[in-house]
Amino acid sequence: MPDRKTFIVEHLDPELGPWSELEYVAIAKETARAGGTFVLSSVPPALAANLPAKLAAEPAFRAETRGVEELYPGKEERGRVCLLDPRAEKDISPDDKARFDVFLFGGILGDDPPRDRTGELRVKGFEGRRLGPVQMTTDTAVRVTRMVINEQFTLNMVPYLDHPDLKINEHESTEMPFRYVKGDDGNPVMPEGMLDLIKKDADKSIDDLF
């Protein structure tokens, strides 16, 4: 029987750019295959009413205008929520499967350099776990967490690719400033359409794609 875990990404931005849309669709599809639920929380109401159709159609996906503090107001409820926090004292491990039902991501894991919005939640009773020292995209962070919790990988068992070079054309490549999971083909696991987006917007900074 699948483990019905919930993965929550806090989306505080009034807009949802093409990069984030591709990431969120990928998270929703992979979460559905694992039998879980993917929630975007703190979504501004205007955005919640106009989410991309492809994302809204995903059966495992739910948008919430409420923040996680409202979704989990009590101390006992918050005790079952794991905050993925680069400043936590402990790494996430397979043992956390029994301890937590919900895994919470700040939604800014793909920022370069990383910003610490997670600090607000840290002081509100959400217990933290680390995913390692190298910055990940949001979909990679959720993917690695699912591998640890559902598939019982330890973090050092996960095959990684750090800062891969992506070939844009015959003469040009770009180095991605993130850690990815290494796929069976040796390439970084990325959302469907992401490579095309990066190639198409090669003249833009990565920040502009979010």
Side-chain angles (χ1 to χ4, degrees), residues 1-12 20-43 48 51 55-110 117-118 121-122 124-132 136-160 179-181 183 189-192:
M1 179 157 174
D3 300 293
R4 304 202 175 278
K5 302 296 187 184
T6 298
F7 300 88
I8 300 181
V9 172
E10 285 264 280
H11 186 91
L12 305 171
S20 295
E21 180 183 345
L22 293 178
E23 286 192 323
Y24 293 163
V25 170
I27 294 169
K29 287 181 183 297
E30 292 177 18
T31 303
R33 286 197 289 269
T37 303
F38 170 44
V39 178
L40 271 191
S41 63
S42 297
V43 179
L51 285 167
L55 177 60
E58 287 295 328
F61 172 75
R62 193 173 91 237
E64 270 284 356
T65 55
R66 294 175 295 172
V68 287
E69 300 96 329
E70 282 185 79
L71 295 172
Y72 303 96
K75 184 176 180 182
E76 190 174 328
E77 294 169 291
R78 291 187 185 187
R80 301 294 295 173
V81 179
C82 175
L83 173 65
L84 280 301
D85 181 358
R87 298 187 187 179
E89 294 179 2
K90 296 169 70 174
D91 288 339
I92 195 168
S93 76
D95 292 342
D96 288 321
K97 178 177 183 176
R99 181 169 177 79
F100 300 110
D101 301 316
V102 179
F103 297 87
L104 171 60
F105 304 81
I108 43 70
L109 290 95
R117 285 192 204 158
T118 308
L121 299 170
R122 187 183 303 129
K124 292 182 179 177
F126 295 101
E127 189 171 342
R129 292 290 188 272
R130 285 189 310 252
L131 279 171
M136 298 178 184
T137 60
T138 304
D139 65 296
T140 300
V142 178
R143 187 173 297 113
V144 170
T145 299
R146 198 176 49 251
M147 290 171 75
V148 171
I149 298 303
N150 290 31
E151 300 173 41
Q152 297 287 282
F153 281 72
T154 58
L155 282 178
N156 63 0
M157 287 169 55
V158 177
Y160 296 118
R179 164 172 279 182
Y180 293 88
V181 173
V189 177
M190 303 176 93
E192 183 181 343

Could you tell me which non-hydrogen atom of [X] sits nearest to which non-hydrogen atom of [Y], and how far apart they are?
| X | Y | answer |
| --- | --- | --- |
| Glu10 | Val68 | OE2-N, 3.6 Å |
| Ala60 | Ala28 | CB-O, 3.7 Å |
| Ser42 | Gly67 | OG-CA, 3.2 Å |

Atom pair [atom1] ([X]) and [atom2] ([Y]), whose distance is rounded to the nearest 0.5 Å:
| X | Y | atom1 | atom2 | value |
| --- | --- | --- | --- | --- |
| Ile149 | Asp95 | CD1 | CG | 9.0 Å |
| Ser93 | Phe153 | OG | CZ | 14.5 Å |
| Thr138 | Glu23 | OG1 | CD | 4.5 Å |
| Thr145 | Leu84 | OG1 | CG | 4.0 Å |
| Arg130 | Ile92 | CZ | CD1 | 11.5 Å |
| Thr37 | Arg4 | OG1 | CZ | 8.0 Å |

For Lys124, salt bridge (Lys or Arg N to Asp or Glu O under 4.0 Å) partners two or more places apart |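 By the salt bridge (Lys or Arg N to Asp or Glu O under 4.0 Å) rule, Lys124 matches Glu69.
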Contacts of type salt bridge (Lys or Arg N to Asp or Glu O under 4.0 Å), residue Glu58, not counting sequence neighbours |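 Expected list: Lys29.
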Any side-chain heavy atom of [X] sitting closer than 4.5 Å to one from [Y]?
| X | Y | answer |
| --- | --- | --- |
| Pro86 | Leu131 | no |
| Val189 | Thr140 | no |
| Tyr24 | Val142 | no |
| Phe126 | Asp85 | no |
| Pro94 | Val148 | yes |
| Ser41 | Leu71 | yes |
| Arg146 | Thr31 | yes |
| Arg99 | Arg129 | yes |

Check: Lys5 side chain, Lys97 main-chain N or O, donor-acceptor pair, under 3.5 Å |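 Yes.
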Look at Asp139 together with Arg143 and state whether they make a salt bridge at an N to O cut-off of under 4.0 Å.
->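 Looking at Asp139 and Arg143, the cut-off is met.
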Can you run down the side chain to side chain donor-acceptor pair (under 3.5 Å) pairs that involve residues 72-83, sequence neighbours left out, and say none if there aren't any?
->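 Qualifying pairs: Arg80-Asp101.
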Evaluate the ring planes of Phe38 and Phe61, with Trp represented by its six-membered ring, and classify them as parallel (under 30°), tilted (30 to 60°) or perpendicular (over 60°).
->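 Rings of Phe38 and Phe61: tilted, as their planes differ by 30° to 60°.
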